[in-house]
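Below, chain A is the first sequence line, B the second, and so on; all start at residue 1. FYI, side chains are in, hydrogens and waters are out, and symmetry mates aren't considered; it's all heavy atoms of this structure.
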Amino acid sequence: MAGDWWMIVPGNPALSGLVIFLIAVPFLYFARTPMHGVIRSATRAISGPLRMGSRWLLSAADGLRSRNRAVILAHGRDEMKHTIEREFERITTMVQRDLHGYPALQRKLMDQITKIEEDYQKTGEVPPPSGQWADAVKAVANITPSNGLVEKILEDIATSIEKVHAKSLAEYRKAYQDRHKILKGFTPFWRSLNQTLTQVEKNISGLQDSAQKIDNQMDKFEQINKGTDKAEHGLNSSAGRQFVIDAIVMGIAIGAAFVNFRLISLPMSEMVGAGDYITPSLKASDVSALVIIFIEATMGFFLMESLGITHLFPKIGNLNAQMQKRIFWAALIFLFVLAGIEVALAFMRDLIAAENLRLKASLSGEAAMVTEAAKTTWVSNIPTAGQMVMGFILPFALAFIAIPMESFISSSRSVLGVTLVLLIRSLGFVMRVLSNVTKQIGNTLVHLYDVVIFLPLMVERALRSKGNVAERRTKDRGGVTSFPKRNPNERTDRTATGEF
Amino acid sequence: MKAVKGIAVGLAVLFLATGCVDQKAHSRAVYMMIDTSGTYAAQVVKAQRIVNYLLGTLNPGDSLAVARVKSRSFSEKDIIYKATFEKIPSKATAQKRAFRAAVDEFARSLKKTGGSAYTDITGGLIQAAEFLTETGSGEKTVIIFSDMQEEIGKGTVRDFPIELSGIRIVALNVTKLRTDNVDPRRYLGRLQTWEKRVMAAGAKKWKVVNDWENHPERIFED
């Protein structure tokens with residue numbers, strides 16, 4: 001048989017193997033050192049580059065992480081700056097709106113309060129005493145009494161005094177009543193004053209809240225400026241969250257674009273032809289529909305850019321206000337025109353679909369049934385109306401895709417950067433592991449080699465130990481006692497076998 | 001304004017690109033031969049249904065021709081109606097209506113006049129190949145609505161090699177003759193002979209579809 005060529009003892013593979021092994025062992029023993037070298041070199045040839053690659057990858061990951069850190073901190077700084085600016089603008093608006101008339105209001109309030117105080121003081125005045133009457137009474141009282149004249153005069157005086165006093169008292173009371181009326185008239189004013197002051201209190205509280213927010217933002221801003229790990233982690237986390245939200249919104253927008261595409265691709269074939277192809281699998285009508293959708297999205301980008309909502313095109317952002325206004329109107333007009341076209345296409349789609357249905361029905365002999373179905377009421381027009389409304393709305397809805405897209409692009413830089421660092425580090429780790437595994441495989445092979453030639457190795461060790469004993473005895477006879485010297489070759493061998 | 005210019009340039013490039021691609025490669029061309037000989041002429045109602053199916057299946061830009069197979073079929077006059085459908089769907093629909101009307105008219109006239117004496121399938125195939133090659137379509141199909149029993153009249157020469165390169169041949173509604181029932185090998189032998197002949201002529205595919213009423217889509221399946 002062809003497979004028996006190696007059998008030294010025919011028909012006895014075990015014996016043949018043993019004989020071959022015994023013949024091979026001396027050769028393997030003498031080839032031990034070079035064979036160890038070959039195994040070591042082969043494993044090093046694999047593990048060395050792996051280790052180098054691993055180091056390079058980890059170093060590249062560190063570099064990339066530094067760049068990511070710089071980018072995200074710069075981005076966070078810009079964002080925070082804008083946020084703080086916006087907060088200040090909000091406070092300015094609030095102050096201008098709410099606190100602008102405060103000096104005049106305060107003056108008015110002070111005047112009113114002064115007037116009230118004056119009136120109040122007036123209401124508190126008592127009737128002046130009639131001092132002249134006392135002198136007159138005193139003079140009459142000093143007259144020598146005669147025939148009751150004095151008494152009569154005094155009685156007349158008393159009667160007159162009482163009359164005048166009563167009159168004066170009535171006048172004062174009237175004056176008090178008038179003042180009370182004035183005071184009563186101030187009640188609505190006081191209420192209004194109370195409301196105004198309550199509003200002022202609220203505004204002041206709002207200002208305090210905004211100030212608190214600014215303080216918080218400033219704290220974050222300082223953290224970002226210092227480049228702390230906390231700030232970096234916060235920004236990365238925020239970018240990741242934003243990335244997910246933007247991706248969801250983008251997914252919804254893509255869904256809307258797909259619906260829009262389905263709406264206009266069929267009627268577009270009526271305009272550009274149904275049998276034309278741009279690539280072997282791409283119809284011209286489909287591409288035309290896509291182009292219209294892309295133009296709508298582009299107009300949306302320009303619209304949002306000119307409104308200052310997005311900042312995707314610095315050139316538009318740097319234009320003066322008048323030019324931006326022109327771009328805004330141009331984009332809006334384009335959108336309106338495209339929305340009108342879509343309405344027409346949506347209507348046409350229904351007509352084409354109905355015509356196709358009628359043709360197929362007539363070909364299959366169901367024309368009468370279809371004609372009957374076509375005579376339905378206004379309910380059958382609802383889908384057409386719905387398509388037309390969608391055709392008008394979707395272009396404007398697509399225009400808003402610019403907002404999540406800008407945010408998506410911005411956050412994806414951070415997220416992709418972090419993901420890339422993670423991937424590179426993982427790859428570096430895997431390469432490091434493979435390098436170590438390769439090295440260990442080499443060591444194992446060296447040991448296995450020694451296991452195969454264990455017999456001559458045992459003989460060698462026995463002979464060597466016998467030689468060492470004889471040498472020691474010779475030295476002992478010479479009266480010299482020393483520690484056994486370490487064999488430098490032994491060290492080399494141990495290194496070669498990977499024993500450290 | 002630059003953006004508007006960019007869009008205009010993009011559209012121009014798009015339309016130029018439209019002209020650069022081989023539009024014919026995507027279109028289909030079908031040539032249907034209807035056997036009108038002898039008793040098989042009674043099957044013309046079924047043929048009408050197949051034509052209707054084809055009209056409902058073919059797209060704008062595709063071509064369709066329906067021809068009769070009679071004693072000598074290598075003639076333009078035997079084409080009942082032919083059309084390459086417009087790429088505008090509404091116009092294509094109008095063409096299909098006209099096509100159907102023409103085939104209906106033919107069916108009515110055939111019922112009155114009756115079938116032909118002989119069946120020149122080979123002549124019809126040569127005529128079909130000529131038409132299909134002329135359309136330049138990417139997918140060319142000949143549908144033979146016949147029992148595939150060729151009978152050539154005296155003086156008609158058809159025993160020479162024919163050219164059917166790149167054309168799919170579909171034998172449809174191949175009915176069994178009375179003699180086939182006596183010896184089915186005749187039927188099988190007839191089909192094998194045709195298969196050998198068309199494949200030798202360079203046909204892309206040979207196919208027999210008898211259950212077309214339930215599975216008409218098999219006509220275009222490879």
- Message: Does anything in residues 90-103 of chain B reach chain A? List residues with heavy atoms under 4.5 Å apart, or say none.
- Response: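 Under the 4.5 Å heavy-atom cut-off, B:Ser90, B:Thr93, B:Lys96, B:Arg97, B:Arg100 qualify.
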
Are more than 12 heavy atoms, taken from residues, nucleotides or ligands other than [X], located less than 6.0 Å from that residue's [atom1] atom?
X: A:Phe400; atom1: CZ; answer: no
X: A:Phe396; atom1: CZ; answer: yes
X: B:Glu221; atom1: CD; answer: yes
X: B:Asn181; atom1: CG; answer: no
X: A:Met250; atom1: CE; answer: yes

- Can you see which heavy atom on B:Gly56 is nearest to which on A:Lys360, and at what distance?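 The pair with the smallest heavy-atom distance is O-CE, 3.6 Å.
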
- Sequence-distant partners of B:Glu151, side chain to side chain donor-acceptor pair (under 3.5 Å), two or more places apart: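 Checked B:Glu151 against side chain to side chain donor-acceptor pair (under 3.5 Å); zero matches.
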
